[in-house]
2 protein chains.
Amino acid sequence: MTEKKELILETALKLFAEHGFDTTPTSQIAKEAGVSEGLIFRHFTNKEGLMDAILAMSEERMARHVKSIVALAEPLAKIHATIELPVKLFSEEREFWKLQFSLKWQKKYRGQSYRPSGYYLELVEVITDAFRQLGYAEPEKEVLLLVMLLDGLSNQLMQQPSEAFIEQTLSFLKSKYQQNKLKS
Amino acid sequence: MTEKKELILETALKLFAEHGFDTTPTSQIAKEAGVSEGLIFRHFTNKEGLMDAILAMSEERMARHVKSIVALAEPLAKIHATIELPVKLFSEEREFWKLQFSLKWQKKYRGQSYRPSGYYLELVEVITDAFRQLGYAEPEKEVLLLVMLLDGLSNQLMQQPSEAFIEQTLSFLKSKYQQNKLKS
DNA sequence: TAGTTTTGTAAGTGATTACTCACTTTTAGT
DNA sequence: ACTAAAAGTGAGTAATCACTTACAAAACTA
């Protein structure tokens, strides 16, 4: 990976997240990266290839996070770590995950490059088990509920809320999942 | 509203929901509507004007639903009706709401045409009150949680789940909000 | 029915776009 | 140092796009 190739990737990520894939011309990417437009196509074949390369980074990054959650011993700790996941993703690589989430709604990337990754499925399994261990009556449904909740949380995070809001929301969510709670 | 004008709106809605705003050429809209391309601009000035006209319909439709929820007497009934809202929206006008939700992620329509409508704010107020009446300790936070949950549910509904899945999920969600539950 | 407005069309137009190509420069292996 | 491959450039190009314009048909109004 040459320096300029990496620069193209970073710039494209930034611009795609900011303006969207379709509304970001390759000419602009080249210009802001300080690179000839032709180089983009030398390295990534076409515009979609550029997007695919960006998407490929997603798997790796998500893998790190999922691994660290799976490694936790306590089932409750796993659930709490999962709740924190969206916030962590957005604080680390805001542009990247913004793009990632917006893609879910685009037909082109549904079912193709953006299919649920293996790590996502692993996380679901692990959390299902965590709910089971905690004595929840319907662990599969609880996971679905948690997934929906985190989707919604990501939605909130898109709007750049304050640190205080995030803190508050997070602890409220966690308070919903505690040892001494009803598990009907 | 002439027949052809309405035809343009319907066709544009369908295509925008299917392929996205930026990736749907006005030429295709005209072609599928069986209308000359120029007529689109006669009626809606430009492509964005067409989108705005579609968006304008959103307020009216949402208004109907919110009004019927607000009219309910029991606070718990209000909450359950709110839970059912996304499913109702998607079953009635799938394409329309798909477009609506995908717009949230597009910079162009965040904060502009797609700002939280008055009806949304009214619903939030009403549901906050419902939670308060039910004795929940932090009604404002409960509403936020419910909003996130329904965002996530809408996400699920995008993937065209089975009737059985919807039924199951809905009743599970409702079971989380019941009179005899903990209200910490 | 004459006149005016509205609705509709077909054929453009200039700008923009993703992508190519012929070419030069840099890098790396021997 | 020689050479071949890889990295990089910049000037195209064909296609597509949103939008315009000149004009005709239809619908309303008097």
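Residue numbering restarts at 1 for every chain, and letters A, B, ... go by the order of the sequence lines.
If you measure from atom CG of B:L39 to atom C1' of C:dA11, you get 16 Å, rounded to the nearest angstrom. One atom, NE2 of B:H43, and another, C1' of C:dT7, lie 6 Å apart when rounded to the nearest Å. We find that NZ of B:K4 is positioned 7 Å from C1' of C:dG8, with the value rounded to whole Å. In this structure, CZ of A:R42 is placed 15 Å from C1' of C:dT27, rounded to the nearest angstrom. Residue B:K31 contributes atom NZ, which lies 11 Å from atom P of D:dT16 at whole-angstrom precision. Distance A:K5 NZ to C:dT26 C1': 17 Å, rounded to the nearest Å. Residue B:D22 contributes atom CG, which lies 9 Å from atom P of D:dA18 at whole-angstrom precision. Here C:dA22 presents its C1' atom at 17 Å from CZ of A:F41, a figure rounded to the nearest Å.
Of the two residues near DNA chain C, B:G34 and B:E37, the one whose nearest nucleotide lies more 5' is B:G34.
Transitive grouping of hydrophobic side chains (ILVMFWY, heavy atoms separated by less than 4.5 Å) brings B:V35 and B:F41 into a common cluster. A:I83 and A:I166 fall within a single hydrophobic cluster, where Ile, Leu, Val, Met, Phe, Trp and Tyr are joined by side-chain heavy atoms under 4.5 Å apart, directly or via other members.
Note on A:T26: a side-chain N or O is less than 4.0 Å away from OP1 or OP2 of C:dA18. The side chain of A:K47 places no N or O atom within less than 4.0 Å of a non-bridging phosphate oxygen (OP1 or OP2) of C:dT17. Side-chain nitrogen and oxygen atoms of A:T2 include none within less than 4.0 Å of the OP1 or OP2 phosphate oxygen of D:dA6.
The aromatic rings of A:F131 and A:Y136 sit perpendicular, their planes meeting at an angle over 60°, well past the 30° parallel limit.
Looking only at atom types and distance, the side chain of A:E37 has a donor-acceptor partner in the side chain of A:T26 under 3.5 Å away.
For A:S36, the side-chain atoms get nearest to D:dG10 when compared with the rest of C:dG8, D:dC19, D:dG10.
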